[in-house]
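Below you'll find the structure, written out as structure tokens, and then a few comments.
Small disclaimer: the values here were computed from a predicted structure and weren't measured.
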Amino acid sequence: MSTVNVTFADGTVNSYASGVSCGDVIVDIHGSKHSCIAARLNGVDVDLSRPIQSDASIEGIDVSSTDGLHILRHSAAHLLAQAVMALYPGALPTIGPAIDRGFYYDFAMDPISENDLKTIEKKMIELARKNLAVSRVEMSEAELKNEFSYNPYKIEIIEDKLEAGGGSTMYQQGDWGDLCLGPHVPSTVKLQHVRLTSVSSAYWRGNQDNEQLVRIYGIVEPTKEALQHTLHQMEEAKKRDHRKLGKDLQLFHIDEEVGQGLILWTPRGSIVRQELQEFIRYHLTRQGYHQVFTPHIGKLDLYRTSGHFPYYQESQYPPLVERDLMKKLSEDGCTCGELSNLMQTGDIDGYMLKPMNCPHHIKIYASQPRSYRDLPLRLAEFGTVYRWEQSGEISGMTRVRGFTQDDAHLFVTEDQLADEVLGCIELVQIIFEHLDMKDYRVRVGLRDPDSNKYVGESSKWDKAEQACRNAAQKLGVAWTEEPGEAAFYGPKIDFVVKDVIGREWQLGTVQVDYNLPERFELKYKGSDGEMHRPVMIHRAPFGSMERFCGVLIEHFAGKFPTWLTPTQCHIITISEKHKAYAHEVAEELRKHDVRVNVDDGDDTIGKKIRVHRALQPAYMVILGDGEMEDRSVSLRARNGDQISGLPLDEFIVSLTSEIEQKIPQPSLVPNQER
RNA sequence: GCCACUGUGGCUUAGCUGGUAGAGCAUCUGAUUCGUAAUCAGAAGGUCGGGGGUUCGAAUCCCCCCAGUGGCUCCA
């Protein structure tokens, strides 16, 4: 009998009979109670049942490792398909991958509702408990086609993915087999801790023109405890949702009658926004930006020149047409379609809500002759723009139809480009640091080498792309190059922040643009006496105030740092006797620009604390006999910790300094945790 | 825009298979003046998202709109 030498991760080499399974070898390494669900054989992930025929290296893939969870989730998707097939005989499974938080599977079937998930989940658990072995079957293309002849989707995948003549594998568990490369768990029993979370729809192969499929989402964990933990985390995440907190903390309101995706900033929310704007304005001034203001609308011709109209027509609010023209058109019986045609051809004019600020800023640049001595010219504005997002896409503050960008446009020479890009990036970093935002990544969007949709000379692109890379490099955080992610007019750097639910939001962006200077024929006189074309940089470190505040609410779970807290101190009296002192303290704090709320009502102290806690002030200031006597205050922090007898003067000094320095969380009461 | 689900006073919510709305918190009015997560009593507040239909009768059934949620598609 021949033998094989197997090398373990720690370098040990052991001999086994040829054909020994990976699973047996892993039992040898880790003992029979190991928690591996697959193996890595010569660097390739395989099933535990895979036999070893020649010398190899091996390591176990633990179920709770990233790769292990991925396999577990993928296997759970198969189990889901098996359950659905058992319950809905007419259903056709299509694809079912593992995703970040779980798995899904798409089926061509009649729509089902969330109520049906319980039934399917029960079936899954029932099948899991049957301890069905999951086996890998190698098949030729002809065999696969025969096996899946009932399912045109699988046939399409076979024809698409398989090399002509090459076979693939099927994974069989009980009476259900699925086209798949694997690897998978050895038995369905590993998949008992599963929960189906939602049902929705998706298009076949992600294409809107294709038929809609029923997509079922689920999560799976190796143990009951892990599943409970994950479910608990999902609950916690929901509590942080900015849409819920926005209501609880009275930060913003969206009104049906005002319109979808249009944010009404309430007084408390406006404070957060205002503070952020002041903060950024301060840094902009220091970096040599000029503040400008521009109107919310502009003529259609402006956007014809910029290229935003009619190219982006679907994602804009319809144009505003002058009254007389509107009347005439309606009298002539002009249809909407005809109207739209007339606008496109430029036969009639009107105004548009601005979808972006650049054309307006460009016109400020072009309003006077520029020389190289004027550059870089940096124009900044908190500019409100309007975009017609699809109704199904609108959500809270993070996806809206009207929003204010912390926008700026830099007009620079080729030579200044690299430095200016870097300057923009540094600003973003200052902001993120002050807000204690660490969970973000940087994406450098480059040209797709195979596409010719880009404008501008390739030598300039090379230079600009290099400038973006260099800038990202200097940041010292994780960054990736993403070919094909560039705008058609230039490369860009995006800041992508992760929210508590794990969704990623693009916030800040820095984009290099060769296109608009060309379209608007911008010029400056160089030191050589010749006219040159400037390069533009678009940048918005927060992205939009709406989205940024939305993400920020979740980031802080509504517990803002003191400088951003809408009402920083809530003063609470113990009884009527302390009313006068309470107002005196409030006055004193207001003199130092502290935002104060006084509750001198006749509720009990316990009740008041309960009520005020909901609004998450940085501090509750409790005032009673003791405090009144020695002109002190007692503080209660958000977590319930408290200190008493702090002299009023001392309190004011510490508090104002905490605000001034923008300390990322309240710090006046010891041992606080956020 | 597409699919599924949801929509009851400011907020949270009860209301089974149709008989014409109940509660808690908040609000207001009294009483209470109280040391760190709900003091007591009373009052006011809803044409049940909007419109149409079926029915003797609709918050409950049907249709159309509007809005929200989860996804898909999209995101200059």
Rounded interatomic separation in angstrom, taking CG from A:Asp641 and P from B:rA37 | 12 Å
Among the nucleotides B:rA37, B:rG1, B:rA76, which one has an atom lying closest to any side-chain atom of A:Pro355?
-> B:rA76
Note on RNA chain B: ranges paired as stems (three or more Watson-Crick/G-U pairs in a row, both atom distances under 3.5 Å) are B:1-7 with B:66-72, B:10-13 with B:22-25, B:27-31 with B:39-43, B:49-53 with B:61-65
By salt bridge (charged side-chain N to carboxylate O under 4.0 Å, His left out), which residues pair with A:Glu627, not counting sequence neighbours?
-> none
Which pairs with one or both residues in residues 393-412 of chain A pass ring-ring contact (aromatic ring centres under 6.0 Å, His included), sequence neighbours excluded?
-> A:His361-A:His409, A:Tyr365-A:Phe411, A:His409-A:His538
At under 4.0 Å between heavy atoms, what does A:Asp603 touch on the DNA or RNA strands: base, sugar-phosphate, or nothing?
-> base
If you check the A:Arg243 side chain, which of B:rG70, B:rU36, B:rG1 turns out closest?
-> B:rG70
P atoms of B:rU20 and B:rG10, separation to the nearest Å | 24 Å
Across the strands shown, which category fits A:Gly606 at heavy-atom distances under 4.0 angstrom: base, sugar-phosphate, nothing?
-> sugar-phosphate
Got a donor-acceptor pair under 3.5 Å from the side chain of A:Glu256 to the base of B:rG50?
-> no
Sugar-phosphate only, base, or nothing, as touched by A:Gln260 at under 4.0 Å among non-hydrogen atoms = sugar-phosphate
Euclidean distance for C1', B:rG9 against B:rG49 (whole angstrom) = 13 Å
For A:Asp625, answer base if it contacts any base atom (sugar-phosphate contacts may also be present), sugar-phosphate if it contacts only those atoms, and nothing otherwise; contact means non-hydrogen atoms under 4.0 Å.
-> base
Atom-to-atom span, CG of A:Asp494 to P of B:rC75 - whole angstrom = 13 Å
Under 3.5 Å, is there a donor-acceptor pair between the A:Trp204 and A:Glu156 side chains?
-> yes
Of all the nucleotides listed (B:rG71, B:rU36, B:rC34), which has the minimum atom distance to the side chain of A:Gln642?
-> B:rU36
Assign A:Ser315 to base, sugar-phosphate, or nothing according to its heavy-atom contacts below 4.0 angstrom with the strands shown.
-> base
Describe the nucleic acid contact of A:Ser198 in one word from base, sugar-phosphate, nothing, applying a heavy-atom distance below 4.0 Å.
-> sugar-phosphate
Name the nucleic acid region contacted by A:Lys577, choosing base, sugar-phosphate or nothing; use a 4.0 angstrom heavy-atom cut-off, strictly under.
-> sugar-phosphate
Carboxylate-amine/guanidinium proximity below 4.0 Å for A:Arg243 and A:Asp241 = yes
If you look at every strand shown and take non-hydrogen atoms under 4.0 Å, does A:Thr197 touch a base, only sugar-phosphate, or nothing?
-> nothing
Which comes earlier along RNA chain B counting from the 5' end, the contact point of A:Leu635 or that of A:Ser391, where each point is its nearest nucleotide?
-> A:Ser391
Go through B:rG71, B:rA37, B:rG70 for me and flag the one nearest to the A:Gln212 side chain.
-> B:rG71
Indicate, with a heavy-atom threshold strictly under 4.0 Å, whether A:Tyr104 touches base, sugar-phosphate, or nothing.
-> nothing
Inter-nucleotide P distance (B:rG35, B:rU13), Å rounded | 34 Å
Whole angstrom value for the distance that separates P of B:rG71 from CZ of A:Arg101 = 10 Å
When you compare B:rU32 with B:rA38, how far apart are their C1' atoms, in angstrom units rounded to a whole number?
-> 15 Å
Using a cut-off of 4.0 Å on non-hydrogen atoms, how would the nucleic acid contact of A:Ile394 be classed: base, sugar-phosphate, or nothing?
-> sugar-phosphate
Judged by atom type as modelled, is there a donor-acceptor pair below 3.5 Å linking the side chain of A:Tyr619 to the main-chain atoms of A:Ile571?
-> no
Of A:Ser200 and A:Gln511, whose nearest nucleotide on RNA chain B comes first from the 5' end?
-> A:Ser200
Report the nucleotide, chosen from B:rU36, B:rA76, B:rG1, that has the shortest atom-to-atom distance to any side-chain atom of A:Met356.
-> B:rA76
Under-4.0 Å salt bridge between A:Lys239 and A:Glu236 = yes
Which nucleotide in the list B:rG71, B:rC74, B:rU36 gets nearest to the side chain of A:Tyr217?
-> B:rG71
Counting side-chain heavy atoms from C-beta on, which of B:rA38, B:rU33, B:rC74 comes nearest to A:Arg610?
-> B:rA38
A:Tyr386 OH to B:rC75 P: how many Å, rounded?
-> 23 Å
Any N/O donor-acceptor pair, A:Arg399 side-chain to B:rC74 base, under 3.5 Å | yes
Take atom C1' in B:rG45 and the same atom in B:rA26, then report the distance between them in whole Å.
-> 12 Å
Lys/Arg-Asp/Glu bridge criterion (N-O < 4.0 Å) met for A:Arg215, A:Asp106 | yes
Grab the CH2-P distance between A:Trp204 and B:rC72 for me, whole Å please.
-> 17 Å
Can A:Arg73 be said to sit on top of A:Phe103's aromatic six-ring, NZ or CZ under 6.0 Å from centre and within 45° of the ring axis?
-> no
What distance separates A:His360 NE2 from A:Thr294 OG1, expressed to the nearest 0.5 Å?
-> 5.0 Å
For the side chain of A:Tyr203 and the base of B:rG1, is some donor closer than 3.5 Å to an acceptor across the two?
-> yes
Select one nucleotide: of B:rG1, B:rA4, B:rU12, the one nearest the side-chain heavy atoms of A:Lys247.
-> B:rU12
Grab the NZ-P distance between A:Lys607 and B:rC25 for me, whole Å please.
-> 8 Å
Check: A:Ser201 main-chain N/O paired with A:Gln212 side-chain donor or acceptor under 3.5 Å = no
Assign the ring pair A:Tyr386 / A:His296 to parallel, tilted or perpendicular, where the plane angle (0 to 90°) is split at 30° and 60°.
-> tilted
When the distance from NZ of A:Lys608 to C1' of B:rC25 is rounded to whole Å, what number comes out?
-> 18 Å
Base, sugar-phosphate, or nothing for A:Gly206, non-hydrogen atoms under 4.0 angstrom?
-> sugar-phosphate
Rounded distance (Å) that lies between atom P of B:rA76 and atom NE2 of A:His409 | 14 Å
For A:Glu627, answer base if it contacts any base atom (sugar-phosphate contacts may also be present), sugar-phosphate if it contacts only those atoms, and nothing otherwise; contact means non-hydrogen atoms under 4.0 Å.
-> base
With a non-hydrogen cut-off below 4.0 angstrom, is A:Arg215 in contact with a base, only sugar-phosphate, or nothing?
-> sugar-phosphate
